[in-house]
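What follows is a single structure, written as structure tokens, with notes after it.
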2 protein chains.
Amino acid sequence: MNDIRVLLVDDHPVVRAGLRAMLGDFEGLTVVAEAADGGAALAELSRLHTLGEPVDVVLMDLQMGAGMDGVTATGRIKAGEAGQPAPPVLILTTYDSDADILAAVEAGASGYMLKDAPPEQIRQAVLAAAAGQTALAPAVAARLMGRIRSPEPVLSAREIQLLELLATGLGNRAIAKQLFISEATVKTHLVHIYGKLGVDNRTAAISVAAQRRIIRRF
Amino acid sequence: MNDIRVLLVDDHPVVRAGLRAMLGDFEGLTVVAEAADGGAALAELSRLHTLGEPVDVVLMDLQMGAGMDGVTATGRIKAGEAGQPAPPVLILTTYDSDADILAAVEAGASGYMLKDAPPEQIRQAVLAAAAGQTALAPAVAARLMGRIRSPEPVLSAREIQLLELLATGLGNRAIAKQLFISEATVKTHLVHIYGKLGVDNRTAAISVAAQRRIIRRF
DNA sequence: GCCACGATCAACCTTTCGGTTGACCCTCCG
DNA sequence: CGGAGGGTCAACCGAAAGGTTGATCGTGGC
């Protein structure tokens, strides 16, 4: 049986070397290419596709320095920009905030692992992704489960998106412009957010959201 | 001539594997031990010291999940807790905020590299550290120079105190009550804080202060 | 088909915040 | 001694944010 062909996407040479060494030690896995950001990843995928050497799994970081970020890249891969059929994308990143996880899942990622995971867990996730299954880190899975049957009110994806802009210090007008909606809508969302988080102003909302890891920590 | 003996300290197995593979490819370097956090690093150093196999360079991450962070560990190593003479500590991390760099330098680090650096640069830095020299990533060096030329305005203790209450989501009235001062005074302080941080509202102030680690992160 | 719900927008009003000016007191330091 | 700088307070004004009501639209479930 042929090896599972993996593309590594991470802006840190150190991490790429680590994954190469780590995955190379396993039977049945081969790292066929690497990319330092989302744009390079798309190019690599296209190149390999036209060569008739398709990739079985993309292992992708989310934060990528200056280049195209992982969520954007995942969305474009899934849109078929680098050839059909689009390979499964397994996210491998450092953070596990609700915002990151939701964005990745919505972009079409088929798994979400954390970099502090033991090697064997990462290998299992790659195998699962190659088999068309979904693989979530235990911490991530727990977080998603908690979202489903939690007594606490659940924030919608849009509300979380707003919350993140809020945390950068933008005013309502600026947030409205960023999201291409009216200021009135921003205010409506904020009222909902305040209600769900049990606060009554934007700074308190940021504080609570950061503490509950609804948004990425500063 | 004997190899330079390196201790790796990083909470991510992936990163440790990468550094091990990367440094192992170079002549004159040997990774003799690894640790997943500051506490384990101190233990490893002590153990190797009593075995008569001292470490020449410690390669240390700053953010270390749950365990002891890199700055604290560096300080304690330099205090001689893991045996004298204390080996040089080279910081290898993802972030290059002023607060991180300054804290590391003050703790006694003899270098500060970023994880997105090319392998050769990291090798050079390890060699420099082993030789008792200082090695800074270009981006880090530039940042330090910039600080000297135009030193950032310094927040007073009272202003930082205010900033911390601000970050909990309190309004001006509540902050005033908490500090036993009038609301007018709170507003005066806020205007000063905004000026020093280069922002024009309280949420942006929190964002900037958290990023520069003027206040503790959420 | 209808209902629930999220997302969108508008109008209105109250409260808070941001920004300014000017003032007083204290301590540290040259 | 006298200035510099931090901390305190007041009054004022315009801008922004908070809060309410009500409405439309689309999607997904029953």
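FYI, side chains are in, hydrogens and waters are out, and symmetry mates aren't considered; it's all heavy atoms of this structure. Throughout, protein chains are lettered first and strands after them, A, B, ... in sequence-line order, and every chain is numbered starting at 1.
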Among dT8(D), dG6(D), dA10(C), which nucleotide has an atom closest to any side-chain atom of S156(B)? dG6(D)
Interatomic distance, L190(A) CG vs dA7(C) C1' [rounded to whole Å]: 14 Å
Which listed nucleotide (dA10(D), dA16(D), dG7(D)) is nearest to the side chain of R173(A)? dA16(D)
Starting at CD of E183(B) and ending at P of dG18(C), how long is that distance when rounded to a whole Å? 11 Å
Could you give the CD1-to-P distance, from I181(B) to dA10(D), as a whole number of Å? 11 Å
Rounded to whole angstrom units, what separation is found between the CG atom of L155(B) and the P atom of dG6(D)? 10 Å
Within the pair N172(B) and dT16(C), is there a side-chain N or O less than 4.0 Å away from OP1 or OP2? no
Should L163(A) and L155(A) count as side-chain neighbours, where that means a heavy-atom distance under 4.5 Å? yes
May I ask you to verify if any side-chain N or O of H192(A) is less than 4.0 angstrom from the OP1 or OP2 atom of dG6(C)? no
Looking only at side chains, do T188(B) and T185(B) share a donor and an acceptor under 3.5 Å apart? no
Report the distance from atom NZ of K177(B) to atom P of dC9(D), rounded to the nearest whole Å. 15 Å
Of the nucleotides dG7(D), dC17(C), dT8(C), which one has an atom closest to the side chain of K187(B)? dC17(C)
In whole angstroms, the gap separating P of dG18(C) from OH of Y194(B) amounts to 3 Å
Pick the nucleotide of DNA chain C nearest each of N201(B) and T188(B); which residue has the one closer to the 5' end? N201(B)
Are R20(A) and E34(A) side-chain neighbours, meaning at least one heavy-atom pair lies under 4.5 Å? yes
Can a donor-acceptor pair be found between the side chains of T93(A) and Q63(A) at a distance below 3.5 Å? yes
For R202(B) and dG18(C), give me the distance from atom CZ to atom C1', rounded to whole Å. 10 Å
Is the distance from OP1 or OP2 of dG7(D) to the nearest side-chain N or O of T185(B) less than 4.0 Å? no
Candidate nucleotides dA10(C), dG19(D), dA10(D), ranked by approach to the side chain of A184(A) - the nearest: dA10(C)
In whole Å, I'd like the distance from the CZ atom of R158(B) to the P atom of dC25(C). 19 Å
Roughly how far, to the nearest 0.5 Å, is CG of L42(B) from CG of D37(B)? 9.0 Å
